[in-house]
Enquirer: 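Following this message is one structure expressed as structure tokens.
Convention: sequence-line order gives letters A, B, ...; per-chain numbering from 1.
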Number of protein chains: 2
Amino acid sequence: MARNTPEAPVLPLDTIMSGDCVAAMDSLPENSVDLIFADPPYNLQLRGELHRPDNSMVDAVDDHWDQFESLKAYDHFTSRWMKAARRILKPDGAIWVIGSYHNIFRVGATLQDQGFWILNDVVWRKTNPMPNFRGMRLTNAHETMIWASKSEGAKYTFNYEALKALNEGTQMRSDWTFPICTGHERLKNERGEKAHPTQKPEALLHRLLIATTNPGDVILDPFFGTGTTGAVATMLGRHFIGIEREEEYRQLAAERIAKVRTLPKDALQTTTSKRAEPRVPFGQLVERGMLRPGEELQSGNGRHRAKIRADGTLTGEGVKGSIHQVGAAYEGAPSCNGWTYWHFKREGKSVSIDTLRQQIRDEMSKLN
Amino acid sequence: MARNTPEAPVLPLDTIMSGDCVAAMDSLPENSVDLIFADPPYNLQLRGELHRPDNSMVDAVDDHWDQFESLKAYDHFTSRWMKAARRILKPDGAIWVIGSYHNIFRVGATLQDQGFWILNDVVWRKTNPMPNFRGMRLTNAHETMIWASKSEGAKYTFNYEALKALNEGTQMRSDWTFPICTGHERLKNERGEKAHPTQKPEALLHRLLIATTNPGDVILDPFFGTGTTGAVATMLGRHFIGIEREEEYRQLAAERIAKVRTLPKDALQTTTSKRAEPRVPFGQLVERGMLRPGEELQSGNGRHRAKIRADGTLTGEGVKGSIHQVGAAYEGAPSCNGWTYWHFKREGKSVSIDTLRQQIRDEMSKLN
DNA sequence: CAGATCGGTGAATCTAGGG
DNA sequence: ACCCTAGATTCACCGATCT
């Protein structure tokens, strides 16, 4: 618990410090904060401009604070802030760091090198990531968070039951699904543009703080930005200490947090969202070996046949395409539900491929 | 393509090499394999197997030093096998490495340090992970795979359209959901126990090989285990080279792969990208009389017009140039795909000039 | 007013090939 | 090495406006 007593040196609770985060952390007493949440620059290495297929331009992260000269310079930066963070962390405290593949491997290795003990890596799956516009790679649809205690064997905080409750009674997994921060939650500047390029969703911090802190704990965020950590900490009855170099962000964060009211104790309810049935791509039946490339499907009416290819498309009678496209072409129809149209043979019987989809859905319904 | 000709040194295709993977890789010619898939040991306490960099003795010491030494040894091990792998990889080849939070950060950092260029990190979400029995942490429900090219700017293989097809028409994301390897797919030893502790599901390799290799490519797996990579590569018409130290695993893998049949060629064909299609100059439509000089084209949105000239350029509204240049100028856009932008009239209907290009391409494909 | 339509946008290492 | 040009390329969601 945080308490400013004569024994415990005074902490600047619920305030936003300015200046360089290393200097600011060095000014705080050692072994004094319960949790550190760090969202450091990712060291994205932009090349030129990127346009969407409709020719509109993508507003990319090109801020000066994300520019580093080399991997070595980034490692040096990481080492410095992490060492300062480690000093002020209580022995039983913990740290979270979020990043993408550009920086997270350097971050994770540095954590281990400094004696932190990794407890989990958590994947934030974005429901609505930005697509890969040029079709050159996979859609970058997740970010990685590392959760680590100060050292091996330390008694970290983990509210197992609370998380289990958040997850409707089954253990919380290491993959968390949330939308990116958009809409009214996204802070705007006076010009109506996004105020900060990388504002994190409050839902992410909500789960993280419920999981690994208790009411009254002190959470330090050395890259405070527009203060999501402070807003959620305040709402959940925790204390925060923010550090942010940019005056504009400090100002916005302070205004934002001033509006937040701490929830009454009994109000921390789970937001359970019922979801539609998950979409199952036909290709998954092939990947999983439920159907084999080269195998033949028959239409339910028995009139048509098509062969499965390795990428989950069908081919036959001069047509290629998805199960829906080929079904529609065969029937001369504008559209066709391939899931009910196509059948396969098992033990002499004709079975709808939809039964295989149902098997996968049954598995998936156990996930988030 | 893999071929053993006098020019290309002989590769031990579709075989399992024995011994230490570094020694085995060092015996292969440089720049010779298309893809490396590596599933290295995760365990950081590998003292017996690892060569200590300084040959110092490991005895009872404090935890921190012990952890540091073991990280150092693991890094050394990683560095060695990765360097050997890098030498035999073709300049336009790529590597995949799979791991968990115990080792993946060290692996990723080493990849970057050695000059590999990360293309994506991919999360394998397990539908049925082992629960965390003690309730002390989150259920560890995923593993991380890193996909990297040999160097920045290298021309890696990525079958974008095939993956999009596998995902039923939308871009494949960086999170892949599959069950862990169980049931009949899981190899058993004579005692009925699981033969290998970390056998990977074939579905994972199926997607990975469809995504980043072509039929005939050579895939090397330095930690072959029970040969999932070899089994799936064989099924998909790719070549493999396995390296495995344990006699028992080699034996099981060989038996397993011997039972696999390569899929027929037509099942292996996957959806291709337009980028791979032969280039057709617009002027050819004019030369062939499909469009006539002097004829007018309209933009798809109906707002603009241009006249065709005999050399296959367009003119109108004070602009001259290629179909792309004039479209871009009209729209005030940085670029424009003239093939989809421009339309002509036939029998009262507006038809995209791209349909004419397709006619020529269809003719050309018959010449092969 | 409900529903349809349209425009905007998000941590991105985002082209290929010929001269 | 650079320069230029052809031409390929997007998903989920939010909010404002229109019907």
Side-chain angles (χ1 to χ4, degrees), chain A residues 39-63 65-68 71 74 98-104 124 126-144 178-186 188 192-194 196-201 223 225 279, chain B residues 112 116-121 147-149 151-153 155-156 158 160-161 164 167 169-174 273-283 312-313 321-328 333-342 353-354 357:
Chain A
D39 182 10
Y42 286 10
N43 191 25
L44 301 183
Q45 304 196 353
L46 322 163
R47 295 302 180 252
E49 292 180 338
L50 178 62
H51 294 264
R52 296 188 179 79
D54 65 3
N55 276 322
S56 65
M57 213 172 70
V58 174
D59 180 18
V61 179
D62 54 0
D63 306 68
W65 48 255
D66 199 45
Q67 313 288 332
F68 293 85
L71 277 180
Y74 188 79
I98 183 167
S100 66
Y101 67 83
H102 311 87
N103 70 324
I104 198 66
W124 168 29
K126 306 178 184 184
T127 57
N128 50 349
M130 190 172 348
N132 184 295
F133 295 115
R134 311 306 292 263
M136 296 308 295
R137 303 182 182 184
L138 300 162
T139 304
N140 207 350
H142 74 275
E143 292 185 26
T144 302
F178 293 113
I180 60 177
C181 183
T182 58
H184 293 301
E185 190 185 323
R186 188 87 194 210
K188 305 288 193 298
E193 304 154 344
K194 61 184 174 193
H196 191 282
T198 70
Q199 186 181 341
K200 296 292 176 288
F223 307 98
R279 193 173 57 90
Chain B
Q112 292 177 310
F116 287 99
W117 192 247
I118 299 182
L119 300 168
N120 276 118
D121 61 335
W147 172 38
S149 60
S151 59
E152 182 180 358
K155 272 178 273 174
Y156 54 92
F158 180 53
Y160 173 76
E161 291 294 340
K164 194 170 166 180
N167 198 30
T170 60
Q171 289 191 338
M172 187 66 80
R173 298 165 41 110
S174 56
S273 158
K274 268 194 189 171
R275 278 190 264 259
E277 305 260 354
R279 182 173 288 204
V280 178
F282 176 71
T313 57
S322 73
I323 52 172
H324 314 294
Q325 288 167 335
V326 175
S335 71
C336 170
N337 183 344
W339 289 107
T340 53
Y341 184 78
W342 293 110
I353 61 172
D354 207 19
R357 179 170 66 162

Enquirer: At under 4.0 Å between heavy atoms, what does A/Asp66 touch on the DNA or RNA strands: base, sugar-phosphate, or nothing?
Expert: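 Base contact.
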Enquirer: Give a yes-or-no answer on whether the side chains of A/Ser100 and A/His102 include a donor-acceptor pair shorter than 3.5 Å.
Expert: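 Indeed, the side chains of A/Ser100 and A/His102 share at least one donor-acceptor pair under 3.5 Å.
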Enquirer: Base, sugar-phosphate or nothing for A/Pro179? Non-hydrogen atoms, less than 4.0 Å.
Expert: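 Contact class for A/Pro179: none.
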Enquirer: Are the side chain of A/Asp63 and the backbone of A/Asp66 linked by a donor-acceptor contact shorter than 3.5 Å?
Expert: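 Checking the backbone N and O of A/Asp66 against the side chain of A/Asp63, no donor-acceptor pair under 3.5 Å is found.
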Enquirer: Could I get the full list of side-chain hydrogen bond (donor to acceptor under 3.5 Å, both in side chains) partners for A/Lys126, not counting sequence neighbours?
Expert: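 If we apply the side-chain hydrogen bond (donor to acceptor under 3.5 Å, both in side chains) test to A/Lys126, skipping adjacent residues, the hits are A/Glu143.
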Enquirer: For A/Tyr42, which residues count as a ring-ring contact (aromatic ring centres under 6.0 Å, His included) partner, sequence neighbours excluded?
Expert: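 Per chain and number, A/Tyr42 pairs via ring-ring contact (aromatic ring centres under 6.0 Å, His included) with no residue.
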Enquirer: For a quick check of understanding: with a heavy-atom distance under 4.0 Å over all strands, which category does A/Asp63 fall into, base, sugar-phosphate or nothing?
Expert: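 No contact.
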Enquirer: If you look at every strand shown and take non-hydrogen atoms under 4.0 Å, does A/Met130 touch a base, only sugar-phosphate, or nothing?
Expert: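 It contacts base atoms.
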Enquirer: Separation of A/Ile180 atom CD1 from C/dG10 atom P, in whole Å?
Expert: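 Nearest whole value for this atom pair: 8 Å.
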Enquirer: Who passes side chain to side chain contact (heavy atoms under 4.5 Å, CB included) against B/Arg275, sequence neighbours left out?
Expert: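 B/Arg275 satisfies side chain to side chain contact (heavy atoms under 4.5 Å, CB included) with A/Met136, B/Ser273 only.
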Enquirer: Considering every strand and a 4.0 Å limit on heavy-atom distances, what is the contact class for B/Glu161: base, sugar-phosphate, or nothing?
Expert: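 Sugar-phosphate, backbone atoms only, no base.
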Enquirer: With sequence neighbours excluded, what pairs up with B/Gln171 under the side-chain hydrogen bond (donor to acceptor under 3.5 Å, both in side chains) test?
Expert: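 A/Thr139, B/Tyr160.
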Enquirer: Taking any heavy-atom pair under 4.0 Å as a contact, classify A/Gly48: base, sugar-phosphate, or nothing.
Expert: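 Result for A/Gly48 = base.
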Enquirer: Any pair with a residue in residues 40-56 of chain A that passes salt bridge (Lys or Arg N to Asp or Glu O under 4.0 Å), sequence neighbours left out, goes on the list, sorted by first then second residue, please.
Expert: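 Output for this query lists A/Arg47-B/Glu152.
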Enquirer: How is B/Arg357 classified with respect to the nucleic acid when contacts are heavy atoms under 4.0 Å: base, sugar-phosphate, or nothing?
Expert: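 Result for B/Arg357 = sugar-phosphate.
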Enquirer: Whether the side chain of B/Asn120 and the base of C/dA12 hold a donor-acceptor pair under 3.5 Å is what I'd like checked.
Expert: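 Between C/dA12 and B/Asn120, which were checked side chain against base, a qualifying N/O pair under 3.5 Å is absent.
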Enquirer: Regarding A/Lys200, tell me which of base, sugar-phosphate or nothing describes its non-hydrogen contacts under 4.0 Å with the strands shown.
Expert: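 Since a base atom lies under 4.0 Å of A/Lys200, the category is base.
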Enquirer: Whether the side chain of A/Asp39 engages the backbone of A/Phe223 through a donor-acceptor N/O pair (distance < 3.5 Å, no angle test) should be reported.
Expert: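 Not at all, since once roles are kept as given, no pair shorter than 3.5 Å links the two residues.
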Enquirer: Holding to side-chain hydrogen bond (donor to acceptor under 3.5 Å, both in side chains), I want the full list of residues that pass it with B/Arg357, two or more places apart in sequence or in another chain.
Expert: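 Only B/Asp354 meet the side-chain hydrogen bond (donor to acceptor under 3.5 Å, both in side chains) criterion with B/Arg357.
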Enquirer: Between C/dA12 atom C1' and B/Gln171 atom CD, what is the distance in whole Å?
Expert: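 So the CD-C1' distance, B/Gln171 to C/dA12, works out to 12 Å.
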Enquirer: Report the distance from atom CE of A/Met57 to atom P of C/dC14, rounded to the nearest whole Å.
Expert: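 My rounded result for the distance is 15 Å.
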Enquirer: Under 3.5 Å, which protein N or O atoms sit close to an N or O of nucleotides 17-19 of chain C? Give each pair with its distance.
Expert:
none

Enquirer: Quick check: any donor-acceptor pair below 3.5 Å linking the side-chain of A/Arg52 to the base of C/dG10?
Expert: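 By the distance-only test, yes, there is a pair.
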Enquirer: Separation of B/Ile118 atom CD1 from C/dA11 atom C1', in whole Å?
Expert: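 Roughly 15 Å, once rounded to whole Å.
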Enquirer: Just the rounded figure in Å: distance from C1' of C/dT15 to CG of A/Asn55.
Expert: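 A/Asn55 atom CG is separated from C/dT15 atom C1' by 15 Å.
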Enquirer: Please, what dot-bracket string fits DNA chain C when only Watson-Crick and G-U pairs with both distances under 3.5 Å count, crossing ones use [ ] and pairs to another strand use |?
Expert: .|||||||||....|||||
Enquirer: Look at the side chain of A/Lys194 and the base of C/dA11, then say whether one donor and one acceptor between them are separated by less than 3.5 Å.
Expert: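 Result: no qualifying N/O pair found.
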Enquirer: Answer with base, sugar-phosphate or nothing: what part of the nucleic acid does B/Ser335 contact at a heavy-atom distance below 4.0 Å?
Expert: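 The answer is base, as B/Ser335 lies within the cut-off (heavy atoms under 4.0 Å) of a base atom.
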Enquirer: More 5' along DNA chain C: A/Asp39 or A/Pro131, using each one's nearest nucleotide?
Expert: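 That would be A/Asp39.
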Enquirer: Suppose we screen for salt bridge (charged side-chain N to carboxylate O under 4.0 Å, His left out). Which residues come up paired with A/Asp62, at least two apart in sequence or across chains?
Expert: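 Per chain and number, A/Asp62 pairs via salt bridge (charged side-chain N to carboxylate O under 4.0 Å, His left out) with no residue.
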Enquirer: What is the nucleic acid contact for A/Asn140, judged by heavy atoms within less than 4.0 Å: base, sugar-phosphate only, or nothing?
Expert: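 Counting heavy atoms under 4.0 Å across all strands, the contact made by A/Asn140 is with sugar-phosphate only.
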Enquirer: Among residues at least two apart in sequence or on other chains, which ones pass ring-ring contact (aromatic ring centres under 6.0 Å, His included) with A/His196?
Expert: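 Checked A/His196 against ring-ring contact (aromatic ring centres under 6.0 Å, His included); matches are A/Trp65, A/Tyr249.
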Enquirer: Does anyone know the first and last nucleotide of DNA chain D in reach of chain B, 5' to 3', at under 4.0 angstrom to a heavy atom?
Expert: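 First and last nucleotides in contact are D/dA6 to D/dC11.
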Enquirer: Between atom NE2 in A/His51 and atom P in C/dC14, what is the gap in whole Å?
Expert: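 My rounded result for the distance is 13 Å.
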Enquirer: With sequence neighbours left out, write down each residue that passes side-chain hydrogen bond (donor to acceptor under 3.5 Å, both in side chains) with A/Asn43, or none if nothing qualifies.
Expert: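 Counting only residues at least two positions away or on another chain, A/Asn43 forms no side-chain hydrogen bond (donor to acceptor under 3.5 Å, both in side chains).
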Enquirer: Heavy atoms only, 4.0 Å cut-off, all strands: where does B/Ser322 land among base, sugar-phosphate and nothing?
Expert: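 Result for B/Ser322 = sugar-phosphate.
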Enquirer: For C/dC1 versus D/dT17, give the span between their C1' atoms, rounded off to a whole number of Å.
Expert: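 Roughly 14 Å separates the two C1' atoms.
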Enquirer: Could you check whether A/Ser100 gets within reach of a base, just the sugar-phosphate, or nothing at all, counting any heavy atom under 4.0 Å?
Expert: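 No contact.
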Enquirer: Scan A/Pro40 against the nucleic acid and name what it touches under 4.0 Å (heavy atoms): base, sugar-phosphate only, or nothing.
Expert: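 A/Pro40: base contact, heavy atoms under 4.0 Å.
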